[in-house]
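Right, one structure below, let's go through it.
In this text the structure is predicted, and so the values were computed from the model without any measurement.
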Protein chains: 2
Amino acid sequence: MLSTRMPSSAVENLASGRVFNFNAGPSVLPEEVLRQFQQDIWNFRGTGLGIMEHSHRAAPFQKVLEDAIADVRKIGNIPASYHVLFMTGGSSSQNFIVPANLLSEGQTADYIVTGYWGQRSFDDATQHAASYGGRVHLAASSKDTNHSYIPNAAQTRYSGPAPAYVHTTSNNTIYGTQWRTPSGHERLPELPAGTPVVCDACSDIFSRPIDVTKYGLIYASAQKNLGITGATVVIVSDELVQRASTKIPRMLQLRTYVKEQSMPNTPPAFTIYTVGVMAKWILDQGGVHTLLDRNVRKAGLVYDAIDKASAFYTPHARLEDRSVMNIVFRCNAGEAMDVKFTAEAAQQGLAGLTGHRAAGGMRASLYNAMPEAGAKALAGFIADFAQRNG
Amino acid sequence: MLSTRMPSSAVENLASGRVFNFNAGPSVLPEEVLRQFQQDIWNFRGTGLGIMEHSHRAAPFQKVLEDAIADVRKIGNIPASYHVLFMTGGSSSQNFIVPANLLSEGQTADYIVTGYWGQRSFDDATQHAASYGGRVHLAASSKDTNHSYIPNAAQTRYSGPAPAYVHTTSNNTIYGTQWRTPSGHERLPELPAGTPVVCDACSDIFSRPIDVTKYGLIYASAQKNLGITGATVVIVSDELVQRASTKIPRMLQLRTYVKEQSMPNTPPAFTIYTVGVMAKWILDQGGVHTLLDRNVRKAGLVYDAIDKASAFYTPHARLEDRSVMNIVFRCNAGEAMDVKFTAEAAQQGLAGLTGHRAAGGMRASLYNAMPEAGAKALAGFIADFAQRNG
């Protein structure tokens, strides 16, 4: 069992030698999870071998893999008609793995581009669509305002009544926008009937409930809400697996990972173990409903502080599309003030607040593992910094 | 600095709660390296963030990456005309990444198959050669004796005077054979002049000195001698990178990893960190010359014990091709005795000795991190078990 640790301030946190970590990914992990890692890499469950040293074919790791999948299923309420797979190469590799598997000859795949990574997904698919005999279509883009919003139905033009799939990005890490309802719950684009959605859910998977049956395929690299770098979790309907290509290399075929239970070769075993520990932690916290409540409270604290000092700060995202995970904002006084902000924050134990160069300013990532105390400490600093420099 | 730990017996080792680990990969890591991991995942170099939680773009990880590459260069004496890259997908993914990059239209790639993984490399390349407009040729195979030997020049027929490359496997993990000189040093096949060698060196990289300039490309997944699962180290000449394909997906192109310094996206950062720590450990041990001496001594202890009880055990590999890394042998009394052997060994703190199903019997992997005391304890058990059951 993992206990919950909730330091009451940044200062208290510093006593442990650790600071609050607002990095966008790789990112903060719960301290009780890190303690578990420390123990398990020396001697895993009394086997006399560390978890990193166990054969992936032996019983201890087999149990880790089975439990991780079972717990991911439990967290996401994932039905038996969907597979939970571990792949490699990060989400960027899904940019070619998805069309290589799912875009057949004569078909068109539609992309809704709401940020940097969505653009990369579109560009990479476009580059190789011809080699699959298919086409790629830009259904909507928020590029006109540097991705400060989520396009609505009127701004979206699909290629036709039956795209091979529609690709979306549920949360835009760099620009701090998110497909969501006013209460922070999941929201999908309006779609041509029967069209499978392929969703890049890297930066908000399991931060809130999802209805997996609305999707054809969801992918998420592990290093934000799910564990550490090195594995990509793929949740995919059996229907899509059945119709996926058999012409591409074996190690790229979705069906290979189904058939070989995510082990066509030595898998990224330690990363899979970390996903398992994080999944147990999520369940211990009360699951995704509890986490959504907590995440909305955390984001609320920070957005409120920004809004109360609106003469000093400007948030990047349009109000109704604000991300619960990544808060992007800047100082109205310009870049030098942004730099001062992140430097002073770091001195006070609030690390990783520099924004991505594509959006500028600051970015606070508030993934599941960020304690409420961290959000509170940041909100306090935001108010204080504005007062001192405004 | 990492200290050297050398328990004098299995019993002494058990006092630490850990056993001797003869797994083929993932496999044993030095205990001082595990202690380092435990420390760094809580608070890396006083940053207040664990190593798994640092942004891959921030200075602390950048230094980890640079140092890992510099130390790998130092260990392998790798000249500036070669790149050291970190890729993903394991060695099995190199089975299609290599021909996709290096097999051009009208060319033929030659494969020397000395084991299970070499066969897979050949099969995977064959499956897709046509899509690159190239061909694949089996130059030699030791399949006739279940891969108990390394083919000689007379047994090797190349496709012609200028194959695109010749693929070899330097050490055969499953069958326990190795391309080596009598003293255990590196050995390459005789080649058509000017032909680049592509070498799968997964299970013996940096267990001995190598002359990198004799190769075009060397790949090795990290989980045997180099760290943990999740990254593949690729050492490749700039000449091959320059002529590699630009028509395949960006995330599969060798040139992408050169240009983006192994970070076209979030890399398997923690695995790269483990390679860095292992590289420092290798240098602390005195480098690959010292390790070869130690590895030859370790293997000698075990082979001697097997040979002294030759009425009871049979080694799989031909004498002159015996691997210094993986020792494969079986009980003459049959499979039931093999099972008894591994079970009793496990009870005595000698874990992971079950052979791969393709070779049967037992397998003892003696990678760099296996202390001499482990080899000594195993040799003692081999003699004792034969005496008690012979």
Considering all heavy atoms, the nearest [X]-[Y] contact:
| X | Y | value |
| --- | --- | --- |
| B/L49 | A/N23 | CD2-ND2, 3.6 Å |
| B/N43 | A/G17 | ND2-O, 2.6 Å |
| B/H56 | A/P26 | ND1-CD, 3.4 Å |
| B/E31 | A/W42 | OE1-CH2, 3.4 Å |
| B/Q253 | A/Q127 | NE2-NE2, 4.5 Å |

Interface residue of largest heavy-atom contact number with chain B, from A/P249, A/A346, A/P267, A/G90, under 4.5 Å: A/P249
From CA spacing to verdict: ring pair (Phe, Tyr, Trp, His ring centres under 6.0 Å), A/F270, B/F270: CA-CA 10 Å; A/F270 182 70; B/F270 182 69; 5.5 Å; yes
Residue pair [X] / [Y], side-chain heavy-atom distance below 4.5 Å:
| X | Y | result |
| --- | --- | --- |
| B/L29 | A/I41 | no |
| B/Q223 | A/E53 | no |
| A/D124 | B/R250 | yes |
| A/T229 | B/M52 | no |
| B/M251 | A/N95 | no |

Pairs of heavy atoms under 4.5 Å with chain A: top-ranked of B/T271, B/T274, B/L252, B/T354: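 Ranked by contacts with chain A, first place is B/L252.
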Options B/A58, B/G230, B/G50, B/S27, ranked by heavy-atom pairs under 4.5 Å with chain A, top entry: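 Looking at each of B/A58, B/G230, B/G50, B/S27 in turn, B/S27 comes out on top.
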Atom CD of A/Q261 with >12 non-hydrogen neighbours under 6.0 angstrom: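 No, because the 6.0 Å sphere around CD of A/Q261 holds 12 heavy atoms or fewer from other groups.
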CD (A/Q38) with more than 12 external heavy atoms under 6.0 Å: yes
Contact class of [X] relative to chain A, heavy atoms under 4.5 angstrom:
| X | result |
| --- | --- |
| B/I228 | side chain |
| B/T47 | backbone |
| B/R120 | side chain |
| B/F37 | both |
| B/A269 | both |

B/N265 backbone acceptor or donor facing A/S92 side chain under 3.5 Å: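 Looks like no, no N/O pair under 3.5 Å.
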Proximity breakdown for A/I272 and chain B, heavy-atom pairs closer than 4.5 Å: neither
